[in-house]
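Throughout, protein chains are lettered first and strands after them, A, B, ... in sequence-line order, and every chain is numbered starting at 1.
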Number of protein chains: 2
Amino acid sequence: MTVPRAAKTQRRTRIQEEKEERILDAALDVFSSSGFRGATIDQIAEAAGMSKPNLLYYFRTKEAIHRTLLERMLFTWLEPLQAFDADGDPETEIRSYIRRKLEMSRDFPRESRLFANEILQGAPHIEDEINGPLKALVDEKAEVIRTWIKAGKLARCDPYHLIFSIWATTQHYADFDVQVRAVLGENRAGEGRFEDAARFLEQLFMRGLGISAA
Amino acid sequence: MTVPRAAKTQRRTRIQEEKEERILDAALDVFSSSGFRGATIDQIAEAAGMSKPNLLYYFRTKEAIHRTLLERMLFTWLEPLQAFDADGDPETEIRSYIRRKLEMSRDFPRESRLFANEILQGAPHIEDEINGPLKALVDEKAEVIRTWIKAGKLARCDPYHLIFSIWATTQHYADFDVQVRAVLGENRAGEGRFEDAARFLEQLFMRGLGISAA
DNA sequence: GTAATGTTTTACCAACCGGTCAAATTATCA
DNA sequence: TGATAATTTGACCGGTTGGTAAAACATTAC
């Protein structure tokens, strides 16, 4: 008996902590490469090195694992945009935003793919977050960009599509990694590809937005 | 008896033609929003308005449907890049490439998502196409871009990352449609969003690549 | 019209899926 | 140490899944 399944808000054993972490890590592997429906508990359990019932002792359902992963991911995912500072100057802010997003694609590709999978399938599990907090945050930062434009610090452009294009270009290196590697070939697909991408994107956006050339 | 299942290269009945088309259309719906593993034959059959065994009379396996869709899609998908003309001038070529890719995101979002799903999951079914024809095509066009740069018609930049960034920004409007709509809100998420995107992207790339301002 | 061919349906199967249960095992702590 | 609570396991269940078999039904060609 004893129903500590997935923690009762308090009192988490060392084992609980450890196993839950292992499950989430394994689940991130599986969900990010198969989507929610395509993933099976057995796959996750095997990747985590435990039996299915044992896994279900820590997370009651497949959805519970998925939900936990999405919550964690969303937080870190939006952090770089949070950092966007209205008082900073556009060049620094945009340049470092691109850089941070690119670093996230490099260091957390599975999280990026988890998110991509979720959105691709219509965001059934994070509809509220998308329509609520995420939209609010983007609205806020779009306003910041607009003030920069009004102050003549930035070429006139649609701030929403600017944000979309930064998301798209940076996340591409995580979500379409297989394609990027294949196209670049063995010589150029090493870790250096992120440096190359950073150089290209910074130039593109700096010049494209009428900021001093890169 | 009679084993015409999925066509014996010749002699296709009107009914065959018609039903296969209906199946592929339904399958595109399902695969593009659930991925290969997440899709079920039953879902496809229901969407196509026929029984599962009936569907399996036309396509022997789930994989056969998926393979057919991917083949068709890849052809149309790469066509715009094919059109990239070395003798044209960079401004026209790049501008119309962006425009065509954006139109494809608008008119064939399901195809875009089918492709995105496949790449996200590691491209298990189109590995060969990616490493072969696709890479070759990109290599060829990257060379075209390089000659433009050498001729001083374009700012110096990495042609591969240029192509990636066009792919990423345009396909974003199909693959991340749910997010785009949510962020833009009801007022600005109408069909006009593609016009806005086109305007923004053309400006970004034209200026970013050192071509006359948009 | 009838025979051959093409199409659809009903019934079915074995494997897999998410999840439960109760018993067995292990860790914790007084 | 022993009692108690935490963890792990194997056996199991009902529903779903990809796919088959065979017969009923429809269409076409002669």
Show which side-chain atoms of residues 35-46 of chain B pair as donor or acceptor with protein atoms under 3.5 Å away, not counting sequence neighbours.
{"from": "B:Arg37", "atom 1": "NH1", "to": "A:Gly38", "atom 2": "O", "distance (Å)": "3.1"}
{"from": "B:Thr40", "atom 1": "OG1", "to": "B:Gln43", "atom 2": "N", "distance (Å)": "3.1"}
{"from": "B:Gln43", "atom 1": "OE1", "to": "B:Thr40", "atom 2": "N", "distance (Å)": "3.0"}

(request) Spell out, as yes or no, whether a donor-acceptor pair under 3.5 Å connects the side chain of B:Arg113 to the backbone of B:Ala174. (result) yes
(message) Let's test your reading of the model: under 3.5 Å, does the base of D:dG18 pair with the side chain of B:Lys52 as donor and acceptor?
(response) yes
(message) Check this one for me: any side-chain N or O of A:Ser51 less than 4.0 Å away from OP1 or OP2 of D:dT9?
(response) yes
(request) Salt-bridge test for A:Glu21 and A:Arg72: reply yes if a basic N is under 4.0 Å from a carboxylate O, no otherwise. (result) yes
(request) Answer yes or no: is there an ion pair linking A:Asp25 with A:Arg22, defined by an N-O contact shorter than 4.0 Å? (result) no
(request) Name the orientation class of the two ring planes belonging to B:Trp148 and B:Phe84 (parallel below 30°, tilted from 30 to 60°, perpendicular beyond 60°). (result) tilted
(message) What's the angle between the local helix axes at either end of the helix from C:dG1-D:dC30 to C:dA30-D:dT1, using five pairs per end and rounding to 10 degrees?
(response) 10°
(request) Give a yes or no on whether the backbone of B:Ser105 and the side-chain of B:Ser112 come within a donor-acceptor separation of less than 3.5 Å. (result) no
(request) Whole angstrom is fine here: how far is it from CZ in A:Phe59 over to C1' in C:dT20? (result) 19 Å
(request) Write down the distance between CD1 (B:Ile44) and C1' (D:dG19), rounded to a whole number of angstrom. (result) 13 Å
(message) How many whole angstroms separate atom CG of A:Leu56 from atom C1' of D:dT7?
(response) 14 Å
(message) Which label fits A:Tyr173 and B:His161: parallel for a plane angle under 30°, tilted from 30 to 60°, or perpendicular past 60°?
(response) tilted
(message) Taking A:Arg193 first and then A:Asp177, would you say they form a salt bridge - that is, a charged N and a carboxylate O separated by under 4.0 Å?
(response) yes
(request) Please tell me which of the listed nucleotides, D:dG10, D:dG19, C:dG19, lies nearest to the side chain of A:Lys62? (result) C:dG19
(message) What is the separation between atom CE on A:Met50 and atom P on D:dG10, rounded to the nearest whole Å?
(response) 14 Å
(message) Does a side-chain N or O of B:Tyr58 approach OP1 or OP2 of C:dT8 to a distance below 4.0 Å, or not?
(response) yes
(request) Find the distance A:Gln16:CD to C:dA27:C1' and express it as a whole number of Å. (result) 13 Å
(request) Look at the side-chain N and O atoms of A:Tyr57 and state whether any lies under 4.0 Å from the OP1 or OP2 oxygen of D:dT8. (result) no
(request) Could you check which of C:dG18, D:dT8, C:dT8 has an atom nearest any side-chain atom of A:Lys19? (result) D:dT8
(request) First locate atom CG of B:Asp175, then atom OG of B:Ser32, and finally report the distance between them rounded to the nearest 0.5 Å. (result) 10.0 Å
(request) Enumerate the residues from residues 22-43 of chain A whose closest heavy atom to DNA chain D is under 4.0 Å, giving them by residue number; use none for an empty result. (result) A:Arg37
(request) Give a yes/no answer on whether the side chain of A:Asn54 brings an N or O atom under 4.0 Å of OP1 or OP2 in D:dT9. (result) yes
(request) Check the distance between D:dT16's P and B:Glu46's CD and give it to me in whole angstrom. (result) 13 Å
